[in-house]
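One structure is given below, encoded as structure tokens.
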Amino acid sequence: MFSRVGSVIVLPGGYQVRLPWDWETCRELSGGGSYSLSSADEANSVADYIFDNFLSGHSNSRPFGDAVMDGVDFDIEQGVSHYAALAKRLLARSNGGRKVYLGAAPQCPFPDHWRGHTLSTVPFDYIWIQFYNNPECEFSSNDPEKFKSSWRQWISSTMARKYYVGLPAAAEAAEAAGNGFVSADLVNSQVLPFVEGSSGEKYGGVMLWNRYYDSRDGFSDKIRNQI
């Protein structure tokens, strides 16, 4: 069962989900708090709970009523084990019914510390690779090969349908994330031609951190025509 406090839903174990303002149309969840999975059985149980309460399953305790989420994004920053079991269970529950989309936002060093095994063994739909806050694989015009090598390894060693280049949307966003800002001119002239040319149908586009900085500075407008 869950309890609701204002715009926050508290799930078993104290995990918190903040309700978007227009959740009927945006179908978006954001979470926080402390979490881990102690076993494959627990992972399956959590997957069943998510499927029945947020996806296309059935439960008397659905916090969004008849609204059905499209999928689950694995933004894991704690624990290591059993996330593959959770992802596989979600896919198994959706087999033959409404598709569950799986996404993940790993940092660019390969393999990702938290999701390495999961992303190498489960067919995700989308991987949004964070090419920031990690100087060893961020793009630099002085040493573009470190970025290119990381990108090649990600698309050849994991099982996603589409891959996205994750970049800060402004210099201030890069400062908040750690580092890694690339100007729109360099994205258009060097980053995007490489990823499009080297990825074929696996290339999905660009993920920007975050919407606040993008809406303020218009970074996406500057690269839109090259995507």
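Residue numbers run from 1 in the order of the sequence given.
By the rule that hydrophobic residues join a cluster once side-chain heavy atoms approach within less than 4.5 Å of another member, I127 and Y101 end up as members of separate clusters. The same ILVMFWY cluster, assembled from side-chain heavy atoms under 4.5 Å apart, contains both I223 and F181. Clustering ILVMFWY residues whenever any of their side-chain heavy atoms sit less than 4.5 angstrom apart, transitively, puts Y213 in a cluster other than the one holding V182. Cluster membership for I76 and M69, using ILVMFWY side-chain heavy atoms within less than 4.5 angstrom, is shared.
The distance from the CZ atom of F139 to the OG atom of S141 is 6.0 Å, given to the nearest 0.5 Å. Atoms CD and OG, on Q190 and S183 in that order, are 8.5 Å from each other to the nearest 0.5 Å. To the nearest 0.5 Å, atom CG of residue D48 and atom CZ of residue R89 are 4.0 Å apart. Note that OG of S56 is 10.0 Å distant from CG of D70, once rounded to the nearest 0.5 Å. Here K88 contributes atom NZ and H82 contributes atom NE2; the two are 12.5 Å apart, rounded to the nearest 0.5 Å.
Judged by distance alone, the side chain of E138 and the main-chain N or O of N134 form a donor-acceptor pair under 3.5 Å. Distance alone, capped at 3.5 Å, is enough to place a donor-acceptor pair between the S59 side chain and the S61 backbone. Without hydrogens or angle criteria, Q130 side chain to A105 main chain gives a donor-acceptor distance under 3.5 Å. Between the K162 side chain and the G205 main chain, no donor and acceptor come within less than 3.5 Å of each other. Checking side-chain atoms of S150 against main-chain N and O of C108 turns up a donor-acceptor pair under 3.5 Å. S120 places no side-chain N or O within donor-acceptor distance of the main-chain N or O of H117, the cut-off being under 3.5 Å. A distance-only check finds no donor-acceptor pair linking the side chain of D217 to the backbone of A170 [under 3.5 Å]. Between the K202 side chain and the I155 main chain, a donor and an acceptor come within less than 3.5 Å of each other.
Across A85 and A43, no two heavy atoms sit closer than the pair CB-CB, 3.9 Å. Pairing each heavy atom of A173 with each of A169, the nearest pair is CB-N, 4.0 Å. Taking every heavy atom of both residues into account, V100 and G71 meet most closely at CG1-CA, 4.1 Å. The minimum heavy-atom distance between A104 and L119, with the atom names listed, is CB-CD2, 3.7 Å. Residue A84 comes nearest to V122 through the heavy atom pair O-CG2, 3.9 Å, listed as atom of the first residue, atom of the second, then distance.
Looking at R98 and V68, their side chains come closer than 4.5 Å, going by heavy atoms from C-beta outward. By the 4.5 Å heavy-atom criterion applied to side chains, V195 and K148 are not counted as neighbours. Using a 4.5 Å heavy-atom threshold, the side chains of F74 and L86 count as touching. Here the side chains of I129 and D112 are not in contact, with every heavy-atom distance at 4.5 Å or above. The shortest distance between side-chain heavy atoms of F219 and L208 falls below 4.5 Å. Taking 4.5 Å as the limit, some side-chain heavy atom of L55 sits within range of a side-chain heavy atom of V72. Residues S94 and F51 have side chains in contact (heavy-atom distance under 4.5 Å, counting atoms from C-beta outward). The shortest side-chain heavy-atom distance between Y164 and V206 does not fall under the 4.5 Å cut-off.
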Under the side chain to side chain contact (heavy atoms under 4.5 Å, CB included) rule, what do F147 and V191 come out as? Steps first, then yes or no, please.
CA-CA 9 Å; F147 164 80; V191 174; 3.9 Å; yes
Go through the steps to decide whether N179 and Y132 satisfy the test side chain to side chain contact (heavy atoms under 4.5 Å, CB included), and finish with yes or no.
CA-CA 6 Å; N179 44 262; Y132 49 88; 5.9 Å; no
Tell me, with the steps shown, if E42 and S38 meet side chain to side chain donor-acceptor pair (under 3.5 Å).
CA-CA 6 Å; E42 184 178 39; S38 61; 2.8 Å; yes
Run the side chain to side chain contact (heavy atoms under 4.5 Å, CB included) check on F124 and T118 step by step: do they pass?
CA-CA 9 Å; F124 274 62; T118 301; 3.7 Å; yes
Determine, step by step, whether I227 and Y203 satisfy the side chain to side chain contact (heavy atoms under 4.5 Å, CB included) criterion, reporting the C-alpha distance in whole Å, the side-chain angles of both residues, the deciding distance to 0.1 Å, and the verdict.
CA-CA 10 Å; I227 296 177; Y203 167 67; 3.6 Å; yes
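For F194, the CZ atom counts as densely surrounded, since its 6.0 Å shell holds more than 12 non-hydrogen atoms of other residues, nucleotides or ligands. Other residues, nucleotides and ligands place more than 12 heavy atoms under 6.0 Å from the CD atom of E136.
Salt bridge present: D52 and R93 bring a charged side-chain N and a carboxylate O closer than 4.0 Å. The pair E172-R216 meets the salt-bridge criterion, since a charged nitrogen lies less than 4.0 angstrom from a carboxylate oxygen. Electrostatic pairing of D143 and K146 does not count as a salt bridge here, judged by no charged N lying under 4.0 Å from a carboxylate O. A salt bridge is defined here as a Lys NZ or Arg NE, NH1 or NH2 lying under 4.0 Å from an Asp or Glu carboxylate O, and K99 with D125 meets this definition.
A donor-acceptor contact closer than 3.5 angstrom links the side chains of W128 and D73. At a cut-off of 3.5 Å, with distance as the only test, no side-chain donor of S157 or Q153 sits close to an acceptor on the other residue. In summary, the side chains of N188 and Q226 do not present any donor paired with an acceptor at a separation below 3.5 Å, with no hydrogens or angles considered.
For W154 and F110, the ring centers are positioned less than 6.0 Å apart. Taking the six-membered ring for Trp, Y163 and Y126 have ring centres at least 6.0 Å apart.
The aromatic rings of F131 and W151 sit tilted, their planes meeting at an angle between 30° and 60°.
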